[in-house]
Every structure is written in C-alpha cells, then in structure tokens.
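Below is one structure, written out as structure tokens, with a few remarks after it.
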There are 2 protein chains.
Amino acid sequence: MGYGFRTGAGRGPARPWGRRYGEGAATVSERKASGGAGRATIRDVAERAGVSVASVSRVLSGNYPVSDELRRRVMKVVRDLDYVTNAHARSLAGGGTPTVAILINNITGAAFAHVAKGVEGAASLRGWLSLVGTTGDDPERELALVNLMRQQGVAAVVLLGGAYDFDEYQLRMARFARSLDAAGSHLVLVGRPPLEGDVAATTVDYDNEGGAYAMASHLLSAGHRRVLVLPGHSELTTAQGRLRGARRAFEAYGVPFDPGMVLHGPYDYGHGYDAVEESLRRELDFTAVLAGTDVVAAGAMHALRGAGLRVPEDISIVGYDDIPLASQLTPQLTTVHVPYEEMGRAALRAVADRREGGAGRRGGGDGAHLVLGTHVVVRNSVQPPARRS
Amino acid sequence: MGYGFRTGAGRGPARPWGRRYGEGAATVSERKASGGAGRATIRDVAERAGVSVASVSRVLSGNYPVSDELRRRVMKVVRDLDYVTNAHARSLAGGGTPTVAILINNITGAAFAHVAKGVEGAASLRGWLSLVGTTGDDPERELALVNLMRQQGVAAVVLLGGAYDFDEYQLRMARFARSLDAAGSHLVLVGRPPLEGDVAATTVDYDNEGGAYAMASHLLSAGHRRVLVLPGHSELTTAQGRLRGARRAFEAYGVPFDPGMVLHGPYDYGHGYDAVEESLRRELDFTAVLAGTDVVAAGAMHALRGAGLRVPEDISIVGYDDIPLASQLTPQLTTVHVPYEEMGRAALRAVADRREGGAGRRGGGDGAHLVLGTHVVVRNSVQPPARRS
DNA sequence: TTGAAAGCGTTACCAG
DNA sequence: CTGGTAACGCTTTCAA
C-alpha cells in the first residue's frame, strides 16, 4: 500500500547517490553489469540465480532448511561471482562474527605473543575473529583503543600485561568495564590483578607471587643469602607481586631481606645489564640475581660475563616467564614458567562461555577471577654460592 | 506521498522485530528508556539533544561546519550516554575506519612481531585499524582467512613471511590478489618474492639474497672454507634466496661449494641443534656455521657447546634476521639485519598511498615492488678458523 | 520451502 | 547551518 520501501513502482525521487540494483518491486532490470566496480552484493547473487535475496541469505547462513536445488544454484553463482558476505551489513542486521580485541603495550614482547596466540587460536577455533591493538604504554591511546573497539562492537576486549597501579587505574578500568558492559561487550584482564568492587570484568591471572616465592626459595635453599633483586618497575603490579613473593621466601627462610639489594627498572635487557653493572661497580656483595623477567636475566647475565664472572659458577641467575629465550641462553636459565598461552585460551573461553551462558545477566557483579598456576623450571643457571675471596 | 520510509503516519505493518524509536515522522514518543539494554544509537543522542540525527552525525564526523551551540549540546549528550558510533553501520553507509589485515603463519616469531609492529604503528598513526590472523602454515586456513578479511571489507591484506614455492602457490596468490582487488581491497606480500605476471599485488621485500651473499662473504674473507649451511626448508622462498646468496659468495671467492654441507630444515631452534649435532656425529669437517635465521644459529650454538666446542674460537657462527636474540646470545651473534619494522611501515604506506592516489586505477597491472636493503651486523661470533688438529 | 519487505545505525544528499 | 530521509547489504519475520 502507501508505505513500503523499494516498492512504489518507480515513483521514487531522483537518486544521485549512485548505482542501485533492481529499482521497483518486480522489475528485474537495470542490473549492474557483473564484474563492475565494487563488491558483488547478495542481490547480484539473487538475481543471477533467479531467486530471492532471502533464499541466498538462507543458503549462505546455513541455519535454515533449503532445497538442494536452491543451494546448488546459489552456490554456483557465489563461486562465479566470487561473492563474500559483507560482514558489516551482516553485523548490522544482527548476525556477524564475534570479535575479540587484544590490547597490548608492546607487541614485541615474547610473553605477549604467547597470550595472543592462545587467544587467537581459541578464537579461530570458534570462528571468531581477533583484532590487535598496541597502546605503547600510553593511557590516552589505551582509552582511544577501547573506544575504537567498542565502536567495532567487539564481543570482548582483552587487556594484556601488568598494570601500573596508579590511583587513577582502578577508576579508569572500572569505567572501561562499565562502558563495555553497557555496550554488550566485556572486559577481560589478563595477567593483572582483578578490579576492586562490583565490576563486570573477568580476570585471568597467574600465581605471580607464588612463582616468585618458589623461585626465591630455590635460590635460598641452594644456599644463597645475598641476592640482587630486579623485580621491575615499582608501580607495575606484576613487579610488586614478584617482589612480595621473594620477600616472603626470605622471611620463610629466616634470611634478612636487604632493600638495598632491590633495583627497580623496566622489564628489558638494558635494565638487567645496567643494574648488574652498577651493582658491580658499587661493589655490592651478592651471589645470585633474581630477575623480574627472563629478558632482564639475559641482560644481567651479559653484564656479569662482561665483568669476567661466570654463570653459575660465580653468580647464579634466575628469571621469570619461561619464554623460549630462557632455554636458549647459555647456561640455560632456571626460571618460573607462566602459562601464557593457556591464559590466552582461558580468557577467550571465559568470554565465550559467558556469551552462551547468561544472556541478560549483564550489569556488573559477576567479575570472575581465574588464577592459573606457575612453577619453577630448573635448568642450569643456579649453583650453590661459591666462597668468594 | 505514497512512498517513503518511516513516514505514512502510523500506517505501518506490525513490527515484531523489536524495539524502534520514534515511530512516525514527527512523533517523538515511544522513546527507549535511556540506559536500557544494548548500545545507545545516534537517534538516542539526537532525541535527547533535541536535534536531528543528521546534525549528530555531522558533529561526530567533524567534517562539516556546525554551530558551537549544536556541538556543545550534542557532545554533552554523547558523554552522558557514553555513546560511540557503530562502526558497522558507519562502514555500511560509506564512512568507516580503514582496516588492514595482517596474516602470519606463526605469531610467536620475533621477525613477525616487528613487521606487525611496523604495520600497526603506521596504521594507528593514520587512524587505521589492524586485524591479525594466524594461518599455522595451513593453506586452507589461509584461504579461509583471506575470505574472512574480504568479508570485513579490509583495505588491504598483508601476507607475511616466506612462501612455499609450490606450483599452486602462484595461482593461489594471483587468485587472492584478483579477488581482493575486485572487492576494492588489495594484497600486499611482505618478505616474499613478487607474483609473476600482471597481478594487482604490492610486494615489500628485502634483499634476501644480497644479505646472504654479504654474510657468506664475511665468513669467507675471515678465512673459512668449510662451512655448514642451514638455509631452512628447501621449498621456502627465503631459504632458497639465502642459499643462492651463499652460493654466489663461494663462487666469487673461488671456493668450491659442497652441497653435502647443506642441511635443510625448519627455521627453529631444534633444527639448528639437531643439524649441528648430526654433522658432528657424521664428523663433517667445518669451521663455521651459516644459519638461516638467528634462532637456528642459537640452536646450533647450543649443540656446539654441548659437544665441548667453543664459539667462535673453535667454530664461528652467523645468523640471519637480527632479532633481539642475536645480541642477547653469548657470544653476540654476527648476523644480517633485516629491516622488519620498516617493511611493515612501508607496506602500510604503500596501501595508504595507493588509496589516496589512484582511485579507479584498479584492475591489475600495478604490482609495485619495493626492495629494502639488508646489511651485515658484525658482533662476536666469527673468528678466523682455528687450525684443527 | 520460498518470496517480500522492514529494520539494523550510519552517512550524505537535498531542501529549507 | 540544520532537518528529513534514501541508501548501504544483510537477516529475519510474516505470508504464501
């Protein structure tokens, strides 16, 4: 009748917006010449196959009964035209591939790569897509990225890596969580402590402090008493946890913990190198180095060697993370294994389960918290302390 | 008049599809309760600000003059509602954020991380988005991913890493290129040789063979004559190039090249280790190892050391890629620097330029080919050959 | 089992 | 400078 869209038999207004297919309800004319500019649409397929767009949609979605004949006809045209569905249109109409966004400070970190692999692998297993964004440690960029992901309508935003424990952090993350939740998305924190309060965010963490405790214990039980500790940046939550774990181990062993032996700094090779070099210059007395990450340990090892010290004969070194580098160093590094890839998988699983399970139980409160175990991997970088002259 | 959408004053059919805002042309009623389920839409914002959706769109797009008063009103509501544009709707309507897809075999590779960083960095600089997918060396998955990316309407698909030079490869890639081109997208090959013929794909490559030539020359000019070559998989284009370069260097130096000293295998630590161990067992006579990648070199170094051989005093080793690992090994590895990050940047730049420049010059033919230089980085893993007993 | 058409949330054109 | 609204390409309901 009077209303209706794409009916009205050619009485539409002028159309200066560009091409249009099949103007008028039953009029199959003015067809776009196949192979023209731009992507083929579902209507091109429908017309060419002599069926309705609804049928094409049903064939392609595969979630609706269609006759074999119809399917055959449609699929042939799809192949001929090399047609693929427009994901944007599909999402808009309600369907669409769920997408996870992975946000990371530095894509170059080996630990990240493994988490990303876990997420990506689990995602593609379910036919999900994954987006990656890097923040470069810039909070502004992080904010911008979260918003960008929100625009994309992602099923979840996975934030990777230790967080800086500034005052603003909790507020900011809580805001992210709320925002995403309101948009039907979800925040997942991987490798950082859970948010306080009743926030709708999932946390997938590992036993950071426990790993450090075990690692330090390993050193202590080998007889080391003077150990140089390089936990990382003092405001970084992972560094704080590692330091805490080490401290607890010292207490447990009744060994006094000397704060003067703790050197904070970034999780990189250069810091490990510099810290050890400086300690040597300052003639600090230590028989072992407890590094915050394997990369820091590698740097430390380099500096030690540069000073003519042997590892582990003169000085023992341990790392944290158990990235491939750990077993590629000489000597191979004793370190704490963190199940990064498994964490990635767990993160995606959490989101997927949540999605299937409780539609409608949104609105905060169910901040799940998963903690995966860590353990010491003993290799060749630790020996009982040498009696130093 | 008779036609029209969302006009016709309430004469529309029943609407069982769900909520709808502002039924009828001027009727501002039946508003969704703010804060309800789902994302706020541009119409929520428009209604709440008492302006038209067109105005909201203009304020948010920022590409059209609007009064300060309007902007203020709209932005306030946007903040109140925590509104973000729906990227899918935006793309569908013609706007939208350009997106690059990065496809990679193994996300864990360090070389990849740097290319990805380059692409991602350059992309976000322009406000572009980047997607990452991993193929796991599976051609089927690669195909599926390219199609997925095509569905997403990505501006370009960047394929990373050496390719397996099977017969089918050229055809497959040409098909990808054509497909993407037809959809208004573009194929970029990074770190692999360009496609043959008149194919619309851009290639960003590095002087692979030249780097190998220089690296081998370095070894030869140090006096090495018997060198164990571990180029990689024999079907991998990068491995082929590296082997070719080495061979040319031998020729240039008038040193006979012994095919028996070439051991093919994957680009991983284990292969380096195994190859050297086996060579040692077979009592192959060599004074240096020319590894296909730094990781292979690391494995080789480990095996050598396990056999009681010193590097570089007894055996010299060189790598390829110059990933961070190279300078973290002991001794630090002399290797070939490949500008991975720069390649990533170049890849994105190529796509972006192409997009701005020649709209309409699609249809094959302009397969640009960029080749970036490589160079030897001399560190401490090479010494003139020891006179062996 | 199939077809017709409304609706998803934007953008950009046209008219004022 | 602002408002109205067709169109983007698809899914899904309703009707046949």
Side-chain angles (χ1 to χ4, degrees), chain A residues 1 3-8 12-23 25-26 38-46 49-61 63-71 73-74 83-96 151 153, chain B residues 1 3-8 12-23 25-26 38-46 49-61 63-71 73-74 83-96 151 153:
Chain A
M1 315 300 291
Y3 55 86
F5 183 52
R6 231 165 247 180
T7 56
R15 298 188 52 271
W17 307 280
R19 65 206 151 74
R20 172 168 172 186
Y21 326 113
E23 171 102 10
R39 274 160 90 160
T41 72
I42 198 174
R43 304 190 28 183
D44 297 324
V45 176
V51 300
S52 71
V53 293
S55 293
V56 176
S57 172
R58 289 194 270 251
V59 168
L60 293 175
S61 304
N63 48 15
Y64 210 83
V66 273
S67 71
D68 280 359
E69 165 59 10
L70 211 193
R71 181 189 319 288
R73 290 239 306 260
V74 169
Y83 167 82
V84 286
T85 303
N86 179 323
H88 297 301
R90 194 199 282 252
S91 307
L92 198 53
Q151 293 181 19
Chain B
M1 313 295 295
Y3 55 87
F5 182 53
R6 229 165 248 178
T7 55
R15 297 189 52 271
W17 305 280
R19 63 206 152 78
R20 173 169 172 184
Y21 327 112
E23 172 103 7
R39 277 159 86 160
T41 73
I42 199 175
R43 306 194 23 189
D44 296 324
V45 176
V51 301
S52 72
V53 291
S55 294
V56 176
S57 174
R58 287 193 273 252
V59 168
L60 293 175
S61 304
N63 48 15
Y64 209 83
V66 274
S67 70
D68 280 358
E69 165 58 10
L70 212 192
R71 180 189 320 288
R73 291 242 303 263
V74 169
Y83 166 83
V84 287
T85 303
N86 180 323
H88 297 300
R90 193 199 283 251
S91 314
L92 197 53
Q151 293 180 20

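To find a chain, count down the sequence lines: A is the first, B the second, and so on, and within it residues start at 1. Side chains included, hydrogens not; waters and symmetry mates left out as well; all remaining heavy atoms used.
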Inset, instruction - Supply the atom-to-atom distance B:Q151 CD to A:R90 CZ, rounded to the nearest 0.5 angstrom. - result: 6.0 Å
Inset, instruction - To the nearest 0.5 angstrom, please state how far the OG atom of B:S91 sits from the CG atom of A:L92. - result: 9.5 Å
Please state how far atom [atom1] in [X] lies from atom [atom2] in [N], giving the value in whole angstrom units.
{"X": "B:Q151", "N": "D:dC8", "atom1": "CD", "atom2": "C1'", "value": "17 Å"}
{"X": "B:E69", "N": "D:dT2", "atom1": "CD", "atom2": "C1'", "value": "13 Å"}
{"X": "B:L60", "N": "C:dG9", "atom1": "CG", "atom2": "P", "value": "15 Å"}
{"X": "B:R43", "N": "D:dG3", "atom1": "CZ", "atom2": "C1'", "value": "13 Å"}
{"X": "A:I42", "N": "C:dA4", "atom1": "CD1", "atom2": "C1'", "value": "14 Å"}
{"X": "A:N86", "N": "D:dC8", "atom1": "CG", "atom2": "P", "value": "12 Å"}
{"X": "A:L70", "N": "C:dG3", "atom1": "CG", "atom2": "C1'", "value": "11 Å"}
{"X": "A:H88", "N": "D:dC10", "atom1": "NE2", "atom2": "P", "value": "12 Å"}

Legend entry - Side chain proximity check, B:Y83 to B:L60, heavy atoms < 4.5 angstrom: yes
Inset, instruction - Using heavy atoms to find the nearest nucleotide of DNA chain D for B:L92 and B:D68 separately, return the residue whose nucleotide is more 5′. - result: B:D68
What nucleotide, of [options], holds the atom closest to the side chain of [X]?
{"X": "A:Y64", "options": "C:dT10, D:dG9, C:dT2", "result": "C:dT2"}
{"X": "B:N63", "options": "C:dT10, C:dA12, D:dG9", "result": "C:dA12"}
{"X": "B:S61", "options": "C:dT10, C:dT11, D:dC10", "result": "C:dT11"}
{"X": "B:P65", "options": "C:dA12, C:dG9, D:dC1", "result": "D:dC1"}
{"X": "B:S67", "options": "C:dT10, C:dT2, D:dC1", "result": "D:dC1"}

Inset, instruction - Could you tell me whether the side chain of A:S61 and the main chain of A:S57 form a donor-acceptor pair under 3.5 Å? - result: yes
Inset, instruction - Would you kindly check whether a donor in the side chain of A:R58 faces an acceptor in the base of D:dT13, or vice versa, at under 3.5 angstrom? - result: yes
Legend entry - Non-neighbouring partners of B:R73 that pass salt bridge (Lys or Arg N to Asp or Glu O under 4.0 Å), sequence neighbours left out: B:E69
Inset, instruction - Could you list the residues that satisfy side chain to side chain contact (heavy atoms under 4.5 Å, CB included) with B:V53, not counting sequence neighbours? - result: B:I42, B:R43, B:A46
Inset, instruction - Quick one: closest heavy-atom pair of A:V84 and A:R39, and the distance? - result: O-NH2, 3.9 Å
Legend entry - Residues in contact with DNA chain D, drawn from residues 49-56 of chain B - heavy-atom cutoff 4.0 Å: B:V51, B:S52, B:V53, B:A54, B:S55
Inset, instruction - Just call it for B:T85: base, sugar-phosphate, or nothing, with non-hydrogen atoms closer than 4.0 Å on any strand. - result: sugar-phosphate
